[in-house]
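Take a look at the structure below.
Order of the sequence lines fixes the chain letters, A, B, ..., with proteins taken first and strands second; residue numbering starts at 1 for each chain. On a predicted model such as this, the values are computed, not experimentally measured, just so you know.
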There are 2 protein chains.
Amino acid sequence: MSFFADTTVVATGPDAAGLGHFDTHLRPGWDIGGNANGGYMLAIVARAIALHCERPDPITITAHYLNPGKVGPAEVFCETVKSGKRFATTHAQLRAFDRPLLQVLATFGDLSQATEAPEMIDGRPPDLPEPEACRPSDSDEGIAPPFLGKVDLRLHPDDAGFRRGEPSGEACIRGWFRLPESEQVSPWAMLLGLDAFPPTIFNARLPMGWAPTVELTCHIRARPAPGWLRARFTTRFVSGGFLEEDGELWDSEGRLVAQSRQLGLVPRTVA
Amino acid sequence: MSFFADTTVVATGPDAAGLGHFDTHLRPGWDIGGNANGGYMLAIVARAIALHCERPDPITITAHYLNPGKVGPAEVFCETVKSGKRFATTHAQLRAFDRPLLQVLATFGDLSQATEAPEMIDGRPPDLPEPEACRPSDSDEGIAPPFLGKVDLRLHPDDAGFRRGEPSGEACIRGWFRLPESEQVSPWAMLLGLDAFPPTIFNARLPMGWAPTVELTCHIRARPAPGWLRARFTTRFVSGGFLEEDGELWDSEGRLVAQSRQLGLVPRTVA
């Protein structure tokens with residue numbers, strides 16, 4: 001089994017199969033300041049849901065973040081509320097040390113079934129210098145969260161200035177994403193890609209730090225082609241103590257493969 | 001009690017309070033071709049959640065649409081999975097005639113608690129002619145869904161041409177929204193406003209009809225000021241058999257009060 005697949009593996013729990021109880025483990029090194037990355041935890045839940053509802057791919061998945069995840073054993077509890085011809089809808093909870101970490105609601109299906117339907121694309125992949133010309137995100141010793149050593153993530157040089165105290169002024173982050181050793185990015189691994197980049201607001205000239213995620217919704221449109229994914233994240237509205245962050249992933253064939261939106265909390269205390 | 005508040009009322013069910021069982025009724029006239037409007041059903045679920053978790057306002061709420069809703073008695077079952085200092089997270093199901101209609105995951109809070117936090121707004125309310133100069137959405141006999149008689153909804157004339165077979169060519173719908181008799185729009189009534197307008201794709205030149213909603217997520221940023229709300233809905237990506245529709249509601253003081261994104265299904269059979 002390859003690296004990310006192994007890192008997010010779940011096993012049927014001690015209850016009988018069908019009850020939707022899975023055992024897993026939050027591994028070391030996937031954290032930001034000691035708390036497991038949200039996309040990493042969501043990928044684990046997605047794998048449990050796929051096993052439980054017997055559909056391979058997340059189509060739309062929403063997570064509400066309840067408590068920080070720490071290294072150690074964890075469990076996923078799934079309940080499928082509708083299993084239809086094309087889709088199955090499941091709610092799930094990731095728990096550890098007797099606390100809920102993520103509450104998840106998802107509809108899964110099979111993205112290998114090609115559809116004949118009209119298409120319209122009003123947008124394009126972000127223009128990026130070649131990956132070699134972009135800064136690896138783990139190159140800032142002591143600044144980059146540990147989990148960035150686990151993924152291959154390169155920021156557009158124009159969007160990387162915040163690291164030296166020079167935000168671009170636009171709440172936008174663009175870059176490349178792939179898994180180590182060129183492991184194929186699955187739909188559930190894209191859930192990691194949609195929550196792995198630095199917050200857009202690091203590039204806005206706002207006096208604030210990390211904005212905790214309240215909720216993240218990801219739409220997976222297609223299984224990506226092999227190779228790097230291009231990512232773009234933008235924020236338009238910081239208001240009422242909240243902000244949204246919209247994400248797009250485009251595959252190496254120039255196809256939109258995933259969209260995301262998360263609701264983050266603006267820290268009340270201004271630095 | 002005023003009209004929409006009365007129409008979406010829920011009552012504690014036969015079980016003891018605290019178990020999260022509520023009785024309600026899907027009223028006649030809220031349908032599109034016999035199926036209850038999705039925002040109307042979501043508003044009902046939101047009212048049950050507010051009672052159950054004892055927080056007044058939806059902050060982020062996601063619904064997966066499982067089966068069409070018909071006129072008649074219905075029940076909401078709620079379970080709060082975390083009740084924190086600022087927010088409570090609840091999952092809920094709307095059921096009728098022994099079938100699940102909506103599966104919902106939501107985080108509620110209190111939007112009357114003002115926050116001191118940085119703001120940044122990259123956008124503005126849509127420019128609209130005065131409501132009197134916009135076409136009431138229920139003015140097309142035999143075309144408009146029945147439920148449009150229940151709300152006061154006016155389309156921008158530039159976006160209303162699809163009704164006479166002249167789509168604008170842009171997947172965009174703009175207009176005004178309010179409740180009858182100027183009933184104040186509550187945060188949960190905005191869930192109706194975010195799902196009441198005609199689909200954006202009616203203005204795209206695509207050979208397709210109604211796109212059923214798989215999932216709808218709404219972020220409520222603030223309680224709206226009295227008066228009309230301005231709405232804008234756009235779609236950028238129709239691909240892989242899916243489309244997203246992004247919504248914004250702005251209040252009479254020019255403030256962004258809600259955002260939404262829904263994932264719709266593009267009919268496979270092209271007309």
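Contact of A:V257 with chain B is not made at all, since no heavy-atom distance falls under 4.5 Å. For A:E244, the parts lying near chain B are the backbone and the side chain together; criterion is any non-hydrogen pair under 4.5 Å. For A:A106, the part sitting under 4.5 Å from any heavy atom of chain B is the backbone (N, CA, C, O) and nothing else. No part of A:T234 comes within reach of chain B, as not one of its non-hydrogen atoms sits under 4.5 angstrom from that chain. Interface residue B:T89: only side-chain heavy atoms are found under 4.5 Å from chain A. For A:Q262, the part lying under 4.5 angstrom from a heavy atom of chain B is the backbone only. Interface remark: A:E215 contributes side-chain atoms only to the contact with chain B (heavy atom separation under 4.5 Å). A:A204 touches chain B through its side chain: at least one heavy atom from C-beta onward sits under 4.5 Å away, while N, CA, C and O do not. With a 4.5 Å cut-off on non-hydrogen atoms, B:I59 touches chain A through its backbone and its side chain both. For A:T60, the parts lying near chain B are the backbone and the side chain together; criterion is any non-hydrogen pair under 4.5 Å.
Looking only at heavy-atom pairs under 4.5 Å with chain A, the residue among B:L256, B:L263, B:I121, B:T62 that has the most is B:L263. Of the residues considered (B:V104, B:D246, B:V81, B:N67), B:V81 shows the highest number of contacts with chain A, using heavy-atom pairs under 4.5 Å. Comparing A:R221, A:Q259, A:E248 by heavy-atom pairs within less than 4.5 Å of chain B, the highest count is held by A:R221. Interface check for chain A: of the options B:R205, B:K82, B:R255, the most heavy-atom pairs under 4.5 Å are formed by B:K82.
Using a 4.0 Å cut-off between a side-chain N of Lys or Arg and a carboxylate O of Asp or Glu, A:D110 and A:R55 do not qualify as a salt bridge. By the 4.0 Å N-to-carboxylate-O rule, A:R174 lies close enough to A:D159 to be salt-bridged with it.
Listed for the A:N203 side chain is no donor-acceptor partner under 3.5 Å among the backbone atoms of A:A171.
By the 30° and 60° cut-offs, the orientation of the rings of A:F237 relative to B:W250 is perpendicular.
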